[in-house]
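Inspection log for the structure reproduced underneath, given as structure tokens.
Hydrogens, waters and symmetry mates are skipped; everything else that's a heavy atom, side chains included, is used. Here is the naming used below: chain letters follow the sequence lines, and residue numbers restart at 1 for every chain.
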Amino acid sequence: MPSATVLYFAGLRERVGCASEEVELPARATPAAILAALSDRHPACGEAFACCRIAVDCDFIVGEVDIRDGAEVAVIHPVSGG
Amino acid sequence: MPSATVLYFAGLRERVGCASEEVELPARATPAAILAALSDRHPACGEAFACCRIAVDCDFIVGEVDIRDGAEVAVIHPVSGG
Amino acid sequence: MTSLEAAGAPLRDARIVAGPVPGDSGAGIALASHGAVASFLGIVRDHSKGRAVAGLRYECYRPMAEKVLVQLIAETAGRFDPGMAAAVAHGTGEMVPGQAALSIHVASAHRAAAFDACRHLIERIKHDLPVWKLERYADGTQAWLKGS
Amino acid sequence: MTSLEAAGAPLRDARIVAGPVPGDSGAGIALASHGAVASFLGIVRDHSKGRAVAGLRYECYRPMAEKVLVQLIAETAGRFDPGMAAAVAHGTGEMVPGQAALSIHVASAHRAAAFDACRHLIERIKHDLPVWKLERYADGTQAWLKGS
């Protein structure tokens with residue numbers, strides 16, 4: 001399985017306890033599958049992950065996506081800019 | 001009858017041929033009555049007056065208004081600001 | 001004392017200026033309770049109904065125009081947000097394409113009221129402000145606009 | 001050659017800046033064919049849900065935020081006016097009430113498209129831009145906002 005760099009930000013970063021971590025993910029996955037894998041690593045954050053979106057290499061993912069080795073996978077919890 | 005200063009602007013000023021003139025008007029009048037009096041003075045402008053509004057002392061008039069001696073009566077043809 | 005009074009009454013600024021209107025961001029009109037500033041600039045275009053425009057002249061019935069701007073701001077505040085701040089300026093005289101003839105800034109607590117008020121002000125200004133535009137065309141002719 | 005090409009392609013400027021966004025009128029983004037500039041400033045308020053706010057910190061996933069802004073401008077132009085110009089900036093880091101965190105300028109031939117595009121951009125930015133707000137309250141506590 002490819003190893004991706006998973007990023008967390010702001011309140012979610014504080015809740016997970018790190019800004020980034022290396023995680024082995026399936027070579028092809030949906031956002032739901034990625035979030036399920038991350039919930040397994042961080043069981044206390046499962047509820048927080050439920051409302052998150054996934055971006056791979058800076059693009060929001062809506063369906064299945066290829067995860068290459070070294071991909072940047074960002075967990076985007078509800079934003080509050082503007 | 002009170003004597004008012006009647007003002008014309010822009011294209012209407014050019015059409016009437018003056019920027020202002022002293023005109024005797026009824027002491028109480030509607031915009032339609034004022035415009036009818038001005039059309040009598042400037043028969044060639046009757047059609048142009050038809051789409052004009054009247055302001056007395058810088059307020060648009062919608063019903064009857066008192067015209068005092070020395071009042072400033074502006075003939076406001078369709079505006080094009082902005 | 002409300003927070004509005006604590007911060008001072010909201011600015012209501014209406015002015016007719018000689019030449020084009022000065023450009024600024026409008027941020028300066030916001031009170032501490034205002035989270036949104038919506039703005040509009042009306043810019044002189046280089047074309048009008050397919051004709052190349054070299055310049056414009058705005059003629060204004062100034063005392064009435066200033067009074068109307070004040071009234072339109074008050075009407076707009078009453079309708080969208082009594083606590084809003086507003087600054088409106090309309091230029092007069094000669095202008096060339098690219099210059100700004102009208103600027104409107106509205107500050108409000110939230111963006112919906114700021115936008116709605118700004119847009120309402122433009123529509124009312126286009127209808128009621130006693131200002132008339134003479135277009136000067138690139139071919140040397142000129143004409144007063146028939147309303148807008 | 002269209003007049004758009006003659007005047008150069010419309011500006012599409014998207015940037016994430018350190019600190020508050022700089023204030024300007026937006027007049028500079030208008031092409032000669034643009035008669036309207038609609039703008040929005042998001043200002044840091046001194047209150048949030050009834051609590052006094054002393055300051056904010058915006059955290060940003062910068063490479064994605066810049067990419068998202070470019071995409072949102074392109075999406076907005078496609079929907080409202082392919083010839084529109086736009087400049088969008090979002091601030092990051094510490095800010096205090098009265099400072100501007102977001103500025104949007106849209107220039108278009110006519111005001112309806114400029115306003116609609118500007119408003120659409122804000123709504124999309126509020127939904128998609130990877131930026132998060134930490135509110136620092138006057139009582140010394142702080143909290144990340146839960147969406148907006």
Side-chain angles (χ1 to χ4, degrees), chain A residues 2-23 25 29-32 34-35 38-39 42 44-63 65-82, chain D residues 14-17 20-21 40-45 48-49 53 56-72 75 88-93 95 100-104 118-135 142-148:
Chain A
S3 176
T5 303
V6 177
L7 307 180
Y8 307 101
F9 300 93
L12 185 63
R13 169 174 45 74
E14 294 178 356
R15 188 146 177 183
V16 171
C18 66
S20 73
E21 59 181 350
E22 301 301 310
V23 182
L25 292 170
T30 61
I34 293 167
L35 290 167
L38 298 175
S39 294
H42 305 282
C45 298
E47 193 178 341
F49 287 147
C51 60
C52 290
R53 289 182 283 177
I54 292 291
V56 174
D57 296 333
C58 295
D59 284 315
F60 281 117
I61 302 306
V62 288
V65 66
D66 292 325
I67 311 271
R68 61 177 176 77
D69 207 56
E72 192 168 278
V73 174
V75 184
I76 308 292
H77 65 290
V79 300
S80 50
Chain D
R15 60 184 69 195
I16 302 295
V17 303
V21 298
F40 177 80
L41 282 178
I43 311 271
V44 178
R45 295 196 297 157
S48 174
K49 300 189 175 76
V53 170
L56 295 183
R57 180 156 65 87
Y58 280 103
E59 181 171 325
C60 177
Y61 178 23
R62 183 162 181 161
M64 182 171 173
E66 291 177 334
K67 192 173 184 178
V68 166
L69 281 184
V70 168
Q71 290 167 339
L72 293 183
E75 168 197 302
V88 182
H90 200 297
T92 60
M95 291 181 215
L102 168 66
S103 76
I104 300 175
C118 187
R119 214 159 165 172
H120 180 75
L121 273 169
I122 299 167
E123 302 305 326
R124 298 290 284 115
I125 284 167
K126 292 246 171 204
H127 189 258
D128 274 4
L129 194 69
V131 172
W132 296 269
K133 188 191 320 196
L134 178 74
E135 288 184 341
Q142 62 184 40
W144 289 103
L145 268 276
K146 310 278 187 215
S148 60

Exercise. Looking only at heavy atoms, which two atoms of A:Arg53 and D:His127 are closest? And how far apart?
Worked result: NH2-O, 2.6 Å

Exercise. Are A:Phe9 and D:Met64 side-chain neighbours, meaning at least one heavy-atom pair lies under 4.5 Å?
Worked result: no

Exercise. Looking at A:Cys51, A:Ala55, A:Gly11, which one has more heavy-atom pairs under 4.5 Å with chain D than the rest?
Worked result: A:Gly11

Problem set entry | Smallest separation among heavy atoms of D:Pro130 and A:Ile76, with atom names | CB-CD1, 4.2 Å

Problem set entry | Heavy atoms from other residues, nucleotides or ligands near CD of A:Glu47 exceed 12 (cutoff 6.0 Å) | no

For this session: Considering only heavy atoms and a distance below 4.5 Å, find which of D:Leu129, D:Leu134, D:Asp128 pairs most often with chain A.
Result: D:Asp128

Exercise. Relative to chain A, which segment of D:Trp132 carries a heavy atom at a distance below 4.5 Å: side chain, backbone, both, or neither?
Worked result: both

For this session: Select one option (side chain, backbone, both, neither) describing which atoms of D:Ile122 are under 4.5 Å from chain A's heavy atoms.
Result: neither

Problem set entry | Any donor-acceptor pair under 3.5 Å from D:Tyr58 side chain to A:Ser80 backbone | no

Problem set entry | Shortest non-hydrogen contact from A:Asp59 toward D:Lys67 | OD2-NZ, 3.1 Å

Exercise. With only heavy atoms counted, which part of D:Glu66 is less than 4.5 Å from chain A, the side chain, the backbone, both or neither?
Worked result: neither

Problem set entry | Region of D:Tyr61 in contact with chain A, defined by heavy-atom distances below 4.5 Å | both

For this session: Might you work through the side-chain contact (heavy atoms from CB on, under 4.5 Å) test for A:His77 and D:Trp144, ending with a clear yes or no?
Result: CA-CA 11 Å; A:His77 65 290; D:Trp144 289 103; over 6 Å; no

Seminar exercise, completed: Assert top hit (heavy-atom pairs under 4.5 Å, partner chain D, pool A:Gly82, A:Ala10, A:Ala74) equals A:Ala10

Problem set entry | Structural part of A:Leu7 lying under 4.5 Å from a heavy atom of chain D | side chain

